[in-house]
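Everything on this sheet refers to the single structure shown next.
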Amino acid sequence: MYEMKEEYKIGVPHIDEQHGKLFELTDKAYMLLKNDLSIDKYDKIVELLAELKEYTIFHFKSEEEYMESINYKRLFTQKIEHENFIKVLENMDYNTVDAEQDESLVKILNFLNDWLVEHILKTDKLIVE
């Protein structure tokens, strides 16, 4: 369901590739939500959140280094948005995640979907304009 489409590409190959990985992680969350055979998804959700946090830290560092290399004037704003994203992941209430697994996955998916669409289309696209 979640996949990197042409419209999300900003024209910087390594950033586009990294955004593609974020879509893959979002799709992984979606597939976990739709997996009716798995009754207890907590461990998989925790693994997914850890992978997502680790990858986004890598991606944001890479993206910010690129922006620095081109003297991007909105770098500070991007850094703040990136920090806020990481804070959301760090502030996840794992007790709630455990008690409300599917609801938590829906919240995670909504967060990721909003971020991917809004941030890439409205913020990251400005990097190359």
| request: Please lay out, stage by stage, how Val88 and Trp115 fare under the test side chain to side chain contact (heavy atoms under 4.5 Å, CB included). | output: CA-CA 11 Å; Val88 168; Trp115 173 267; over 6 Å; no
| Yes or no on side chain to side chain contact (heavy atoms under 4.5 Å, CB included) for Phe111 and Phe85, after CA distance, side-chain angles and deciding distance? | CA-CA 9 Å; Phe111 169 68; Phe85 182 97; 3.3 Å; yes
| field | side chain to side chain donor-acceptor pair (under 3.5 Å) between Glu118 and Thr123, intermediate numbers included | value | CA-CA 7 Å; Glu118 293 295 316; Thr123 305; over 6 Å; no
| message | Run Phe23 and Tyr8 through ring pair (Phe, Tyr, Trp, His ring centres under 6.0 Å) and show every step you take. | response | CA-CA 10 Å; Phe23 276 95; Tyr8 295 114; 4.9 Å; yes
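Taken together through direct or relayed side-chain contacts under 4.5 Å among Ile, Leu, Val, Met, Phe, Trp and Tyr, Val106 and Ile39 form parts of separate hydrophobic clusters. Connection of Phe76 to Ile86 is not established within any shared hydrophobic cluster, with ILVMFWY side chains joined at heavy-atom distances below 4.5 Å, either directly or through further cluster members. A single hydrophobic cluster is not seen to contain both Ile80 and Ile57; linkage of ILVMFWY side chains at heavy-atom distances under 4.5 Å, directly or through other members, places them apart.
Taken to the nearest 0.5 Å, the OG1 atom of Thr26 stands 7.0 Å off from the CG atom of Leu52. The CZ atom of Phe60 lies 9.0 Å from the CD atom of Glu81; values are rounded to the nearest 0.5 Å. Taking CG of Leu112 as the start and CG of Leu25 as the end, the distance is 8.5 Å to the nearest 0.5 Å. Leu126 CG to Thr77 OG1: the interatomic distance, rounded to the nearest 0.5 Å, is 10.0 Å. Note that the CD1 atom of Ile15 and the CD1 atom of Ile127 stand 5.0 Å from one another [nearest 0.5 Å]. Note that the CG atom of Leu105 and the CG atom of Asn110 stand 11.0 Å from one another [nearest 0.5 Å].
Using a 30° and 60° split on the angle between ring planes, Tyr94 and Tyr42 fall in the perpendicular class, above 60°. Using the six-membered ring where Trp is involved, Phe58 and Tyr55 have ring planes that are tilted, between 30° and 60° apart.
The shortest side-chain heavy-atom distance between Asp27 and Glu3 does not fall under the 4.5 Å cut-off.
Taking the ring centroids of His119 and His82, they lie under the 6.0 Å cut-off.
In this structure a side-chain-to-backbone donor-acceptor pair under 3.5 Å is present from Lys41 to Asn35. A donor-acceptor distance shorter than 3.5 angstrom exists from the side chain of Lys125 to the backbone of Lys9, with no hydrogens or angles considered. At least one donor-acceptor pair closer than 3.5 Å links the side chain of Asn91 to the backbone N or O of Lys87.
Listed by first and then second residue, the salt bridge (Lys or Arg N to Asp or Glu O under 4.0 Å) pairs involving residues 43-53 are Lys21-Glu51, Lys28-Glu51, Lys53-Glu90 (not counting sequence neighbours).
Across all non-hydrogen atoms, the minimal contact from Asp102 to Leu33 is O-CD1, 3.6 Å. In this structure, Ser62 and His14 approach most closely via the heavy-atom pair OG-CD2, 3.4 Å. Closest approach of Ala29 to Leu48, counting heavy atoms only: CB-CD2, 3.3 Å.
In the model, Gln101 has a side-chain atom that pairs as donor or acceptor with a side-chain atom of Asp98 under 3.5 Å. Side chains of Asp124 and His19: a donor-acceptor N/O pair is present below 3.5 angstrom, by distance only.
Considering Lys73, Arg74, Gln78 as possible partners of Met67, the one that fulfils the side chain to side chain contact (heavy atoms under 4.5 Å, CB included) test is Gln78.
Within 6.0 Å of CD on Glu100 lie more than 12 heavy atoms contributed by other residues, nucleotides or ligands. Within a 6.0 Å sphere centred on CD of Glu54, other residues, nucleotides and ligands contribute 12 heavy atoms or fewer.
Look at Glu83 and Lys79 and you find no salt bridge, because none of the NZ, NE, NH1 or NH2 atoms lies under 4.0 Å from a carboxylate O.
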